[in-house]
Number of protein chains: 2
Amino acid sequence: MPRRNQTNEKRRELLPIVARAFAERGYRRTTTAELAERCGVQENILYRLWPDKKAMFIAAIGYVYDLSVAIWSRLLKEEEDEKTAAERLLAYEAEHLGEFGHSRIVFAGLSETDDPDIQAALADMYQRYQRFVREQIAAHQARRHKTTTPDAALAAWAVVGLGTVASISRELGLLSDRQRRRLMAEIGRLLLEGSAA
Amino acid sequence: MPRRNQTNEKRRELLPIVARAFAERGYRRTTTAELAERCGVQENILYRLWPDKKAMFIAAIGYVYDLSVAIWSRLLKEEEDEKTAAERLLAYEAEHLGEFGHSRIVFAGLSETDDPDIQAALADMYQRYQRFVREQIAAHQARRHKTTTPDAALAAWAVVGLGTVASISRELGLLSDRQRRRLMAEIGRLLLEGSAA
DNA sequence: TTCATCAGTAAGCGTACGCTTACATTATGA
DNA sequence: TCATAATGTAAGCGTACGCTTACTGATGAA
């Protein structure tokens, strides 16, 4: 009998490397040759793990989402009574925003949205992302029960937008780290509470 | 003597077509052959107008910015005493957001930010964009002089982020037109006023 | 040991792309 | 008119890319 199939293990091993390559160079400029070289394998090995380059990219989208959720979930488990989960999330993102290159992969994908598979993968990611944020905001508002807070769903989209513009500003060097943190903190608070600081 | 040089006129004539192509297909996937075909000329004619494909793209970035500013400026000149300029701007964007594909060009560019020329062009565009919005917000706040409004510079970045996420949601079909308008209206108001509706 | 299957290497195929070259035609001011 | 530079057409050059093929060596249950 033959040896046992290790395709899944290999996929898990190489996916972070693949994702980082796409994050650094975008979708089109990342060549399959470069992916193979970074992974330390020949190209056809990648093609045994995924049917084509597009599938590698879609897998990378899933990976960065899973990575974010894993980090956030760990963060939310650390009980801290002073701050709500939403506040801790915002504070964390203000500090570590875009550390992996999450948004670079998203931007790369957003240039390929006429491909239905890529569009679907991105849409799915955004839905989950927003839902996660919305739940934290709703929980925060319930705990603080202010009189007039923004609709949690809308506020969640706005927080996603806030993170996006913060990523862009980091990418383009538009704001200093300090200003970016202030942006996340003050506007984040406004979106959570429904009133300025 | 030779005929007179019409390079500038030709550039102005073709630039909207070039920009639309980049908006629809992204930077990498737009081939110079396709650009030429859409423009109804041969490729080398484009290369007489711009040194290379990258220059065509950077020109397209400038074009979509100029176009937005032209539209907004016209909008702001129409005097309307009920609403401030900032409110009209938000209302307009809620309705016509991304009509030309402004954000698609930006996303395409954001996948190419390791090229210093493209990065500089995008950074310049964002700076001007944010400054424009900030001025409108500051004017709005001065007119309404509420007690606690968000810092205009931060609010302007947040509005940029709000527009970005609204564009993304439109691109990916995440929100209905109605929901998207509500997002722009309610969160926009929150960012301007510093308090929920 | 056998042998079917998996893992890895090396090379290359077909195509598409950015950009250039070579050349013909046209318009214009001296 | 006519020299001259602008404008237009057609073809192709070199390279890079996505993906495949052909092959060799390793693995491990029967």
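Every chain is numbered from 1 and lettered A, B, ... according to where its sequence line falls, protein lines coming before strand lines.
In this structure, B/Phe57 atom CZ and C/dG18 atom C1' are separated by 16 Å, rounded to whole Å. Spacing between atom CD of A/Glu37 and atom P of C/dG8 amounts to 17 Å, rounded to whole angstrom units. Separating the CD atom of A/Glu13 from the C1' atom of C/dA7 is a distance of 12 Å, rounded to the nearest angstrom. In this structure, the CZ atom of A/Arg29 is 17 Å from the C1' atom of D/dG18, given to the nearest Å. Computed from coordinates, the B/Ile45 CD1 to C/dG18 P distance equals 18 Å when rounded to whole Å. Summarising the geometry, the separation between CG on A/Leu49 and P on C/dA7 is reported as 9 Å, rounded to the nearest angstrom. The nearest whole Å value for the distance from the CZ atom in A/Arg28 to the P atom in C/dC17 is 10 Å. Between the NZ atom of B/Lys10 and the C1' atom of D/dG8 there is a distance of 10 Å, given to the nearest Å.
Side-chain atoms of A/Thr7 lie closest to C/dA7 of the nucleotides D/dA10, C/dA7, D/dC17.
Remark: side-chain polar atoms of A/Asp52 are paired, donor with acceptor, to backbone N or O of A/Ala55 under 3.5 angstrom.
The ring pair (Phe, Tyr, Trp, His ring centres under 6.0 Å) check on B/Trp72 picks up B/Tyr129, B/Phe132, with sequence neighbours excluded. Partners of B/Phe22 according to the ring pair (Phe, Tyr, Trp, His ring centres under 6.0 Å) rule, which considers only residues two or more places apart in sequence or in another chain, are B/Tyr27, B/Phe57.
Summarising the local packing, CD of A/Glu37 is surrounded by 12 or fewer heavy atoms from other residues, nucleotides or ligands at distances under 6.0 Å.
Contact detail for B/Pro150 and B/Leu192: the closest heavy-atom pair is CD-O, 4.2 Å.
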Quick one: which protein N/O atoms are closer than 3.5 Å to N/O atoms of nucleotides 19-24 of chain D? Pair and distance per line, please.
{"from": "D/dC19", "atom 1": "OP2", "to": "A/Tyr47", "atom 2": "OH", "distance (Å)": "2.7"}
{"from": "D/dC19", "atom 1": "OP2", "to": "A/Lys53", "atom 2": "N", "distance (Å)": "3.0"}
{"from": "D/dC19", "atom 1": "O5'", "to": "A/Tyr47", "atom 2": "OH", "distance (Å)": "3.4"}
{"from": "D/dC19", "atom 1": "N4", "to": "A/Glu43", "atom 2": "OE1", "distance (Å)": "3.0"}
{"from": "D/dC19", "atom 1": "N4", "to": "A/Glu43", "atom 2": "OE2", "distance (Å)": "2.9"}
{"from": "D/dT21", "atom 1": "O4", "to": "A/Asn44", "atom 2": "ND2", "distance (Å)": "3.2"}

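Distance OG1/B/Thr113 to CD1/B/Ile118: 9.0 Å, rounded to 0.5 Å.
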